[in-house]
Number of protein chains: 2
Amino acid sequence: MKYHHDVDVTLLDRLLQIGELFQRDMARAFAGTGFTPARLRVLWVLQHDGAMTQQALAAELDVTPRNVSGLVDALEASGHVHRAPHPSDRRAVLVELTPRTARIMSRMQREHAELSATLLDAVAPADRAAVERGIGAIADRLAALVEDADA
Amino acid sequence: MKYHHDVDVTLLDRLLQIGELFQRDMARAFAGTGFTPARLRVLWVLQHDGAMTQQALAAELDVTPRNVSGLVDALEASGHVHRAPHPSDRRAVLVELTPRTARIMSRMQREHAELSATLLDAVAPADRAAVERGIGAIADRLAALVEDADA
DNA sequence: TATTGTTATACTCTATAACTATA
DNA sequence: TATAGTTATAGAGTATAACAATA
């Protein structure tokens, strides 16, 4: 979706544009590598929170357990994650990043932080504190609205 | 994806969270109505830019013409768009919103603007101008980075 | 020849429902 | 009984490639 020809672009439009640009860039960057957006989300969660069961993964990603089975199948086939037996529950498995993939994700996390810094750098120094406060307030307000609509 | 347990949430994380929350809310709001995200994007473009060929739609949405055929098929079957003959090119068709759907999209556009205002309202008055400037600067910087990566 | 849209085919993501093994 | 994960099935979104009609 392009924006350059819109006259009345709202603040929300700009915020959504940022999300779209980011996602498109990720998709292009990983096109043909087997790192699809859904699989990257799995790896991202495992990097952040460590090994967990598929149930926990399903709750964290807000998808069905069946969906997680498919994603983990693919990631296991490509050697990015490993299914380990759960130490105390023989029904469950622990999904964990392989060492090589953990290193890849650490690098991605670093690049993500660098991109964040680069973007903040585009903001006038005098505006930066206000922007950080404002974006936090907007995200919190939107989260509250969605929570309400959900209930 | 949840954020409440993260300690080092970057500015970019917050921005992406806003996009995720919005998309999730849209998906929940229209679940079971046939208004899927991809079809809504088609309607949104037609509302903004008016009737256009499927080629133009494909370029605007950044998907293949084949994909557009499927989306327009579904939207035509549900009575939301209409395929009209192109006045000067018999190969092409003009996809246009039906009157009823044009009214629905006008209402959505109004609600979208209202949500934008509500979110800006969550920002401290003294910060609002800086936030609007800052988000614009961030979006522009990211667009430039993606453009570079694309080339 | 080039362009518009469609048919053919395939893969990914996602969901629900029924089932197995274990708790 | 309840929970963890898988098999079966299905629909939506997406892509590439080959093709028909028209420019």
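Not one side-chain nitrogen or oxygen of B:Gln54 sits closer than 4.0 Å to the OP1 or OP2 atom of C:dG5. Phosphate contact (OP1/OP2 of C:dT6, side-chain N/O of B:Arg83, threshold under 4.0 Å): present. Dashed line: the shortest gap from a side-chain N or O of B:Ser69 to OP1 or OP2 of C:dT6 is under 4.0 Å.
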What donor-acceptor contacts under 3.5 angstrom involve side-chain atoms of residues 103-111 of chain B, with partners at least two apart or in another chain?
unit_1	atom_1	unit_2	atom_2	d
B:Ser106	OG	B:Ala102	O	3.2
B:Gln109	OE1	B:Gln47	NE2	2.8

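What separates CZ of A:Phe30 from C1' of D:dA15 is a distance of 20 Å, to the nearest Å. Summarising the geometry, the separation between CZ on A:Arg39 and P on D:dT14 is reported as 17 Å, rounded to the nearest angstrom. In this structure, CG of B:Leu61 is placed 16 Å from C1' of C:dG5, rounded to the nearest angstrom. Taking atom CG on B:Asp73 and atom C1' on C:dT6, their separation rounds to 9 Å, with Å as the unit. In this structure, A:Met52 atom CE and D:dA4 atom P are separated by 14 Å, rounded to whole Å. Between the CZ atom of A:Arg24 and the P atom of D:dT14 there is a distance of 13 Å, rounded to whole Å. Look at CD on B:Gln55: it is 15 Å from P on D:dA23, rounded to the nearest Å.
Residues satisfying the side-chain contact (heavy atoms from CB on, under 4.5 Å) test with A:Ser88, not counting sequence neighbours, are A:His86. In this view, A:Val63 and A:Leu61, A:Asn67, A:Val68 satisfy the side-chain contact (heavy atoms from CB on, under 4.5 Å) rule, not counting sequence neighbours. B:Ser78 meets the side chain to side chain donor-acceptor pair (under 3.5 Å) test with B:His80; sequence neighbours excluded. Remark: A:Ala117 engages no residue in a side-chain contact (heavy atoms from CB on, under 4.5 Å) (not counting sequence neighbours).
Under the 4.5 Å side-chain contact rule for hydrophobic residues, A:Leu46 and A:Met26 share a cluster.
The minimum heavy-atom distance linking B:Phe22 with A:Leu142 is given by the pair N-CD2, 4.1 Å.
The nucleotide whose nearest atom lies closest to any side-chain atom of B:Thr36 is, among D:dT6, C:dT6, D:dG13, D:dG13.
Within the structure, no pair that satisfies the ring pair (Phe, Tyr, Trp, His ring centres under 6.0 Å) test touches residues 117-139 of chain B, not counting sequence neighbours. Evaluation of the side chain to side chain donor-acceptor pair (under 3.5 Å) test over residues 113-129 of chain A, restricted to residues two or more places apart or in two chains, returns A:Asp127-B:Arg133.
For the helix from C:dG5-D:dC19 to C:dA23-D:dT1, the end axes, each set by the C1' atoms of five terminal pairs, are bent relative to each other by 0° (nearest 10°).
In this structure, A:Val68 reaches neither bases nor backbone, as no heavy-atom distance under 4.0 Å exists between it and the strands shown.
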query = Just by protein heavy atoms under 4.0 Å, how would nucleotides 14-23 of chain C read 5' to 3' in B, S and -?
reply = BSB----BBS
